[in-house]
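Letters A, B, ... are given to chains in the order of the sequence lines, protein chains preceding strands, and every chain is numbered from 1.
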There are 2 protein chains.
Amino acid sequence: MSERQTLSSVRNAARLLKQFGPHDRELGVSELARRLGLGKSTVHRLLTTLVAEHLLERDPYSGQYRLGLAVHDLAAAAVPNDLHEAVSGLLETLRNRTGETVQVAVLDGREVVYVERIDSPHTLRLFLEVGRRNWAHSTGTGKALLAHLPEDQLAELLDGWEMPALTPYTITDPAKLIEELRQVRRRGYAQNLHESEVGVLSVSAPIRDRTGRVVAALSVAGPAQRMQPVMNQITYGVIEAAALASRRMGCPR
Amino acid sequence: MSERQTLSSVRNAARLLKQFGPHDRELGVSELARRLGLGKSTVHRLLTTLVAEHLLERDPYSGQYRLGLAVHDLAAAAVPNDLHEAVSGLLETLRNRTGETVQVAVLDGREVVYVERIDSPHTLRLFLEVGRRNWAHSTGTGKALLAHLPEDQLAELLDGWEMPALTPYTITDPAKLIEELRQVRRRGYAQNLHESEVGVLSVSAPIRDRTGRVVAALSVAGPAQRMQPVMNQITYGVIEAAALASRRMGCPR
DNA sequence: TGCGTACGTTCCGTATTCCGGAACGGCATC
DNA sequence: GATGCCGTTCCGGAATACGGAACGTACGCA
């Protein structure tokens, strides 16, 4: 969009706010003027305005400025009400980018439930409707979710779990599943390699809420022949989309 | 401060951002113009500017605007690096307001450690230096902290805890302490009524971090004769200061 | 199917706002 | 005591910001 269509004083204010960070807790008029390339009187006026709006506050002793409480209020207001809103737009973008089915699932005991889904445009595609369930141990989303369960909850699920071998590749040994989940945590995403259905691959990454807790998993799934050649691109796209959804949920970077 | 000293377009931008909330996830040009009493073209320009700065984003389908990811980045930047920064200024204000000693403590096993302290100006005052420890069961800060421990951690502490009776009023029965802690949780603050030292009262409230977890307790303490007549005011001030510190830590309201 | 309403976008004239340099007082350092 | 840097205030100039009008589009209703 054209620079002419934006408000320079508002952009200056935004740029000023973005100067603050973990290593820049407090800043003064002159330092901000230097960083922003603005006059000191200009910066002084910006600061006064932002303090009036509680986006900044001034330390009465040092005279320096720092981010104010209204910033937290905005962040709280920015957090979506639900998962659907958090992934809004992200699934379409990823489906358009990869050409494959994109879905979001949550864990329910030893199963995953698909709560969001955008289908691949290909005729050959997975056919699973929202609300459908599948075994957690044999799907990418399931492994992405199991991997981030608290240890006691995972142990409780594993106790007495006779995992069905849906294909010759399905992990059915609890010890092997635990090792697999350790790998999932290590690299940040899960893969389903013919484990729920021969000929089907998927990549999944966790979506976290503002406390960092995993609340869902996002995945791309499709026929092995189409997925295999572009696994790296798909993996990257899944991780990026899940990270964006997490950030929308207020999860720190 | 004078209105003349602030930037009206920046104030408009701030007011616009504050229109968003849990019940106002997405807003359009005309609705914002109505709410803000501004022209639609003015609002359109504000929106375009804020989108450019990623403080807002626009839903490509509905055309409506919502808060953007930069808001979370600001909130993350707003969270103090440590507790000292979170309470900066709050202790002086509360001490000046109440005239009594104000302190912040953290829990260490069955003891509290005072990490911040502003002394009362009165000659008759508590004399405890930063770093000093005290029994958690007999202090306001201790009870405020114990009250919000996970149940298993509290049970572990209580197991085998022979609580010294520092005064005739000290709670030494674990069952009574548990009941007392339940009261503390219910009303949101703790009181020390001659329990650590006869003649000394205190009021404490918890400070929470961005996940809501209690990380410290803030309190006002002083001689019973001075504290007793103004307990309600002191209680209110303590709760308010602790809430402010919590909000600075990024804890939702 | 046509009409009315509301939305968002663009343009342009006007005047208000915003910018920044200069000057100043205060504080810290040498 | 001098110097340097900070933050604050003032004021003149010019650029920006405002908002009304006009327009196209979309939607709902009869």
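Distance CG/A:L46 to OG1/B:T6: 10.5 Å, rounded to 0.5 Å. Of the inter-residue distances, the one linking A:H54 atom NE2 with A:L67 atom CG reads 14.5 Å to the nearest 0.5 angstrom.
Straight-line distance from the CG atom of A:D59 to the P atom of D:dG7: 13 Å, rounded to whole Å. Nucleotide C:dG8 holds its C1' atom 15 Å from the CD atom of B:E26, rounded to whole Å. Computed from coordinates, the A:L7 CG to C:dC18 P distance equals 10 Å when rounded to whole Å. Put simply, CD on A:Q64 is 16 Å from P on C:dC27, counting in whole angstrom units. At whole-Å resolution of the value, CZ in B:R45 and P in D:dA17 are 8 Å apart. With rounding to whole Å, B:K40 atom NZ is found 6 Å from C:dC7 atom C1'. B:Q5 places its CD atom 15 Å from the C1' atom of C:dT17, with the value rounded to the nearest Å. In this structure, A:L32 atom CG and C:dC19 atom C1' are separated by 17 Å, rounded to whole Å.
The shortest distance between the side-chain N/O atoms of B:S9 and the OP1/OP2 oxygens of D:dA17 is not below 4.0 Å. At least one side-chain nitrogen or oxygen of B:R34 sits closer than 4.0 Å to the OP1 or OP2 atom of C:dC7. In this structure, B:R11 does not reach the D:dA17 phosphate: none of its side-chain N or O atoms is under 4.0 Å from OP1 or OP2. In terms of phosphate contacts, B:H44 brings no side-chain nitrogen or oxygen within less than 4.0 Å of OP1 or OP2 of C:dG8. Contact annotation: A:S30 does not reach the phosphate of D:dC5 (side-chain N/O to OP1 or OP2, under 4.0 Å). Distances shown here put every side-chain N or O of A:N12 at or beyond 4.0 Å from the OP1 or OP2 atom of C:dC18.
Overall bending of the helix from C:dT1-D:dA30 to C:dC30-D:dG1, expressed as the angle between end axes built from five pairs apiece, is 50° (10° steps).
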Table please: side-chain donor-acceptor pairs of residues 228-236 of chain A below 3.5 Å, with sequence neighbours left out.
unit_1	atom_1	unit_2	atom_2	d
A:T235	OG1	A:M231	O	2.6

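Side-chain contact annotation: A:S202 with A:S219, donor-acceptor N/O pair under 3.5 Å absent.
Out of D:dT16, D:dG7, D:dG19, the shortest distance to the side chain of A:S8 is found at D:dT16.
B:S41 comes within contact range of at least one nucleobase, with a heavy-atom separation under 4.0 Å. Residue contacts shown for B:G63 are absent, as no nucleic acid heavy atom lies under 4.0 Å away.
Each of B:G39 and A:L27 was assigned the nucleotide of DNA chain D with the nearest heavy atom; the assignment lying further toward the 5' end belongs to A:L27.
Salt bridge status for B:K18 with A:E53: present, with a side-chain N to carboxylate O gap under 4.0 Å. The pair B:R34-B:E31 counts as a salt bridge, with a side-chain nitrogen and a carboxylate oxygen less than 4.0 angstrom apart.
No donor-acceptor pair under 3.5 Å is formed between the side chain of A:R248 and the backbone N or O of B:L69. A donor-acceptor pair under 3.5 Å is absent between the side-chain atoms of A:R45 and the main chain of A:K40, judged by distance alone.
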